[in-house]
Amino acid sequence: MPELPEVETVIRELRPLIVGKCIEQVEVLWPKTWVNRSEVPIEGQCIKAIRRRGKYLIFPLDESTLIIHLRMTGRLAFAPDAETNSVQLQGLNHVRLVLFFTDDSRLIFNDTRKFGRVYHVDDPAEILKNTGKDALDEDWTPELFYRMLSGRKTGIKAFLMSQKFISGLGNIYTDESLFRAGIHPEHSAGSLSRKEAERLFESVRFILEQAVKNMGSTISDYRDAYGNPGKNQLYFKVYKREGQPCFNCGTPIQKKRVAGRSTRFCPKCQK
DNA sequence: CCATGTACCTGAAGGC
DNA sequence: TGCCTTCAGGTACATG
């Protein structure tokens with residue numbers, strides 16, 4: 001479920017709540033969720049910061065690193081004390097892991113489909129080695145994007161979805177970005193003109209920043225750290241709009257399998 | 001290198 | 001009301 005904007009929203013909310021907290025214990029309710037590859041115990045270590053790369057949440061600890069990927073249905077919620085049963089904890093029907101802090105507050109990882117992972121590693125590169133530059137990273141520029149595309153035979157949708165070049169885009173924001181740029185999802189990545197690459201770069205940035213402002217998109221499962229849904233689904237121009245008229249030209253939005261995923265686009269506006 | 005299929009999981013929705 | 005199929009914000013891995 002969550003792509004970059006949803007992860008960014010959760011991180012911004014969690015940062016003031018859990019940076020500085022010290023871990024007393026990890027409770028694992030679904031064993032596959034917890035991937036512990038660190039030499040040092042997590043108990044007693046404190047959270048120094050929260051960062052993001054693509055869809056990964058990264059929590060540097062004193063001597064190791066905690067990394068979380070929410071995959072399709074992962075959700076994080078903070079409980080300030082042991083007795084809390086507030087609205088932000090409602091709907092947590094599939095708790096897979098709980099981090100207990102020394103002050104009796106806790107971070108709850110809920111994940112209906114069990115695809116999400118909570119990694120504990122000594123070197124973050126173990127997990128992040130195949131994850132490219134973050135789509136909101138200031139070092140990513142139109143010029144760099146154009147160079148990354150050159151010589152690529154793959155389709156542009158597959159390129160944007162692969163996290164090894166640019167990280168953070170998933171199925172929704174890829175389709176929305178391509179629509180905004182007027183580029184067909186099956187257009188070969190390597191044959192985009194410099195101008196098209198620049199327009200697509202601008203579109204990706206616009207779409208992601210708009211979604212962050214709107215606290216992410218909620219289709220069904222996504223909730224932020226306080227249990228609130230996002231508002232960005234109200235701004236979709238193609239996602240889930242198959243059969244409905246294109247906002248630019250009125251042509252029905254088409255749905256087709258591209259790069260293994262349901263893909264929505266306007267056959268007239270996107271070439 | 002690239003495309004495609006499968007696996008990992010649960011639950012909602014649609015067809016009959 | 002059931003039963004069966006398909007689909008879903010993701011990614012890793014196997015196979016041509």
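Heavy-atom basis, side chains included; hydrogens, waters and symmetry copies ignored.
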*Asks:* About how many Å separate CD of A/Gln45 and CD of A/Glu43, when rounded to the nearest 0.5 Å?
*Replies:* 9.0 Å
*Asks:* So does A/Gln163 get a side-chain nitrogen or oxygen closer than 4.0 Å to the phosphate oxygens (OP1/OP2) of C/dG10?
*Replies:*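 No, outside the criterion.
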*Asks:* Send over the distance from A/Arg75 CZ to B/dT10 C1', rounded to a whole Å.
*Replies:*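 Roughly 16 Å, once rounded to whole Å.
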*Asks:* Would you say B/dT10 has OP1 or OP2 under 4.0 Å from some side-chain N or O of A/His94?
*Replies:*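 Indeed not, no polar side-chain atom of A/His94 lies that close.
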*Asks:* Rounded to whole angstrom units, what separation is found between the CG atom of A/Asp111 and the P atom of C/dA8?
*Replies:*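 It works out to 18 Å between those atoms.
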*Asks:* Whole-Å distance between C/dG9 C1' and A/Leu160 CG?
*Replies:* 16 Å
*Asks:* Using distance alone, with no hydrogens and no angle criterion, decide if A/Tyr173 and A/Glu6 have a side-chain donor and acceptor under 3.5 Å apart.
*Replies:*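 The answer is yes; a qualifying pair exists.
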*Asks:* To the closest 0.5 Å, what do you measure between CD (A/Glu24) and SG (A/Cys22)?
*Replies:*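 Nearest 0.5 Å value for the CD-SG distance: 10.0 Å.
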*Asks:* Taking CD1 from A/Ile219 and P from C/dG10, how many angstroms apart are they, rounded to a whole number?
*Replies:* 11 Å
*Asks:* Let me confirm one number: the CD1-OG distance from A/Ile183 to A/Ser193, rounded to the nearest 0.5 Å.
*Replies:*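 Atom-to-atom, A/Ile183:CD1 and A/Ser193:OG are 7.5 Å apart.
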*Asks:* Note every stem involving DNA chain C: at least three consecutive Watson-Crick or G-U wobble pairs, i with j then i+1 with j-1, with both distances under 3.5 Å.
*Replies:* B:2-8 with C:10-16, B:10-16 with C:2-8
*Asks:* Roughly how far apart, to the nearest Å, are B/dT6 and C/dT5 at atom P?
*Replies:* 15 Å
*Asks:* As an exercise, state the distance from CG of A/Leu92 to CG of A/Leu76, rounded to the nearest 0.5 Å.
*Replies:* 10.0 Å
*Asks:* To the nearest Å, give me how far apart CD1 (A/Ile68) and C1' (C/dT11) are.
*Replies:*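 Rounded to whole Å, this separation is 17 Å.
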*Asks:* Linking I/L/V/M/F/W/Y whenever their side-chain heavy atoms sit closer than 4.5 Å, directly or via other members, would A/Met215 and A/Ile172 fall into one cluster?
*Replies:*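 Per the 4.5 Å side-chain linkage, A/Met215 and A/Ile172 are not co-clustered.
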*Asks:* Please report the distance, rounded to the nearest Å, between CZ in A/Phe236 and C1' in C/dA8.
*Replies:* 13 Å
*Asks:* Tell me whether the side-chain N or O atoms of A/Thr73 pair up with the base of C/dG9 as donor and acceptor below 3.5 Å, since no angle test is needed here.
*Replies:*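 Under the 3.5 Å cut-off, the side chain and the base do not form any donor-acceptor pair.
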*Asks:* For nucleotides 2-9 of chain B, give me one character per nucleotide, 5' to 3': B if any protein heavy atom sits under 4.0 Å from the base, S if the only such contacts are to the sugar-phosphate, - if neither.
*Replies:* SS----BB
*Asks:* Which whole-number value in Å describes the distance from A/Ile67 CD1 to C/dG10 P?
*Replies:* 19 Å
*Asks:* With respect to the phosphate group of C/dG9, does any side-chain polar atom (N or O) of A/Lys55 fall under 4.0 Å of OP1 or OP2?
*Replies:*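 No, A/Lys55 has no side-chain N/O under 4.0 Å of OP1/OP2 on C/dG9.
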*Asks:* Which nucleotide wins on minimum distance to the side chain of A/Arg96, given the candidates C/dA12, B/dT10, C/dG9?
*Replies:*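 Comparing C/dA12, B/dT10, C/dG9 against the side chain of A/Arg96, the answer is B/dT10.
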*Asks:* With syn defined as a glycosidic angle within 90° of 0 and anti as the rest, where does B/dG5 land?
*Replies:* anti
*Asks:* Contact class for A/Tyr173 vs. all strands (heavy atom < 4.0 Å): base, sugar-phosphate, or nothing?
*Replies:*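 No contact at all - A/Tyr173 keeps every heavy atom at 4.0 Å or more from the nucleic acid.
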*Asks:* For the atom pair CD1 (A/Ile11) and OG1 (A/Thr9), what is the distance rounded to the nearest 0.5 Å?
*Replies:* 9.5 Å
*Asks:* Checking all strands, does A/Ser262 fall into the base, sugar-phosphate, or nothing category for heavy-atom contacts under 4.0 angstrom?
*Replies:* sugar-phosphate
*Asks:* To the nearest angstrom, how far is A/Met161 atom CE from C/dT11 atom P?
*Replies:* 8 Å
*Asks:* A/Asp175 and side-chain hydrogen bond (donor to acceptor under 3.5 Å, both in side chains): which single residue from A/Gln270, A/Lys157, A/Lys240, A/Lys237 fits?
*Replies:*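 Exactly one candidate clears the test, A/Lys157.
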*Asks:* Within the supplied structure, the quantity of interest is the number of heavy atoms (other residues, nucleotides, ligands) at a distance under 6.0 Å from A/Arg51 CZ; does it exceed 12?
*Replies:* no
*Asks:* Quick one: which of A/Asp111, A/Asp221, A/Leu57 gives a side-chain contact (heavy atoms from CB on, under 4.5 Å) with A/Leu70?
*Replies:* A/Leu57
